[in-house]
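So the structure is just underneath, and the comments pick up after that.
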2 protein chains.
Amino acid sequence: MTSTQLPSSPLSDAPLPGEKVRGSESGRPIMALFDLLGRRWTMRILWELNQNNCTFRELQQSCGKISPTVLNQRLKDLREVALVIAVDKQGYQLTETGKSLMLHIEPMRDWAQDWADQLKHK
Amino acid sequence: MTSTQLPSSPLSDAPLPGEKVRGSESGRPIMALFDLLGRRWTMRILWELNQNNCTFRELQQSCGKISPTVLNQRLKDLREVALVIAVDKQGYQLTETGKSLMLHIEPMRDWAQDWADQLKHK
DNA sequence: GCGTTATGCTACTAAAATAGTAGCAATGCT
DNA sequence: AGCATTGCTACTATTTTAGTAGCATAACGC
């Protein structure tokens, strides 16, 4: 890829731990995380970036039908909370923090497989 | 509590593994899981039910400002995919499958704490 | 019985999030 | 220069979620 214009923007309104987030006034970090991951496409984007680094356009394709508006919002959110970083000429990639989160999410693939099997047999 | 009328309904349109879900035609279970957990309030509801069983009204309170419409939709979804069960006179509770999912989600509390600390120091 | 309280839940409208489409500006390539 | 690709915005349409009110049933106290 040959990315240009990689951003350095004021970013957006991601749910920050320590602040009030949707569904919790407490500022508890786990609630901020739920708010973040509970937004459509967020986990999917992290998942794709964990497979391999992607440009904006590549993410659009691998995520299927995500709209550029939402993808851009999510990328801003994820950069704001230091899970994703935009590297010039390299596209988007997970930060070390992002990768550490994926250590929790990744095993869910196997869990989901078992879950699917179980649902089939009932 | 003294619940009555606990449901036995046709339920709703939860993302089922093996079927097309939002963002994936593949039917891969992990994608269905992302679709499910990526709906607002879903993780929070699971979280609360993992702390202790709750009635509908109790869930409304512990989740803060969730609307009954959405809570009801989520509970239907979660029952449809066998993560939550409605037990007469006992309210809602996680199934064994639901509990096993929480084994993956629960450690995220500690992760989120570290994440919050890291965000503060930058 | 009778009023009170609590339960699960629906109906309805308003607000917000997301989708969908088109296209611009900047860069790279030939 | 001409063309393709990049990141991204602007705009409208659609879907999702929020918010409020309230119904129907059952339990509780008296």
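Residue numbers begin at 1 in each chain, while the letters A, B, ... track the order of the sequences.
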Does [N] have OP1 or OP2 under 4.0 Å away from a side-chain N or O of [X]?
| X | N | result |
| --- | --- | --- |
| A:Lys76 | D:dT9 | yes |
| B:Arg74 | D:dT17 | yes |
| B:Tyr92 | C:dT7 | no |
| A:Asn72 | D:dG7 | no |
| B:Trp41 | D:dA18 | yes |
| A:Arg40 | D:dT15 | no |

Tell me if a side-chain donor or acceptor on [X] pairs with a main-chain N or O of [Y] at a distance below 3.5 Å.
| X | Y | answer |
| --- | --- | --- |
| B:Gln73 | B:Val70 | no |
| A:Arg44 | B:Asp35 | no |
| A:Arg79 | A:Tyr92 | no |
| B:Thr42 | B:Leu36 | yes |

Atom [atom1] of [X] and atom [atom2] of [N]: how far apart are they, to the nearest Å?
| X | N | atom1 | atom2 | value |
| --- | --- | --- | --- | --- |
| B:Ile66 | D:dT20 | CD1 | C1' | 15 Å |
| A:Asp88 | D:dT6 | CG | P | 14 Å |
| A:Phe56 | D:dC8 | CZ | C1' | 6 Å |
| B:Gln60 | C:dT7 | CD | P | 10 Å |
| B:Met43 | D:dT17 | CE | P | 15 Å |
| B:Leu36 | D:dT16 | CG | P | 14 Å |
| B:Gln73 | D:dG19 | CD | P | 14 Å |
| B:Arg57 | C:dT5 | CZ | P | 14 Å |

For a quick check under 3.5 Å, do B:Trp115 and A:Thr97 share a side-chain donor-acceptor pair by atom type?
no
Side chains of B:Gln113 and B:Asp117: do they bring a donor and an acceptor to under 3.5 Å?
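Yes, a side-chain donor-acceptor pair sits under 3.5 Å.
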Polar atom pairs between nucleotides 12-14 of chain D and protein, under 3.5 Å, N or O only, would you list them?
none

Taking the side chain of [X] as its heavy atoms from C-beta onward, which of [options] lies nearest to it?
| X | options | result |
| --- | --- | --- |
| A:Thr69 | C:dT18, C:dT21, C:dC12 | C:dT21 |
| A:Val70 | D:dT17, C:dT18, D:dG7 | C:dT18 |
| B:Pro68 | D:dT20, D:dC8, D:dA10 | D:dT20 |

Can you tell whether the side chains of B:Glu80 and B:Lys76 come within less than 4.0 Å, N to carboxylate O?
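Not counted as a salt bridge, because no side-chain N and carboxylate O are separated by less than 4.0 Å.
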Whether the side chain of B:Thr55 and the base of C:dA6 hold a donor-acceptor pair under 3.5 Å is what I'd like checked.
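In this structure, the two groups form no donor-acceptor pair.
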Parallel, tilted or perpendicular for A:Trp111 and B:His104, by the 30°/60° rule?
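Taking B:His104 first and then A:Trp111, their aromatic rings stand perpendicular (interplane angle over 60°).
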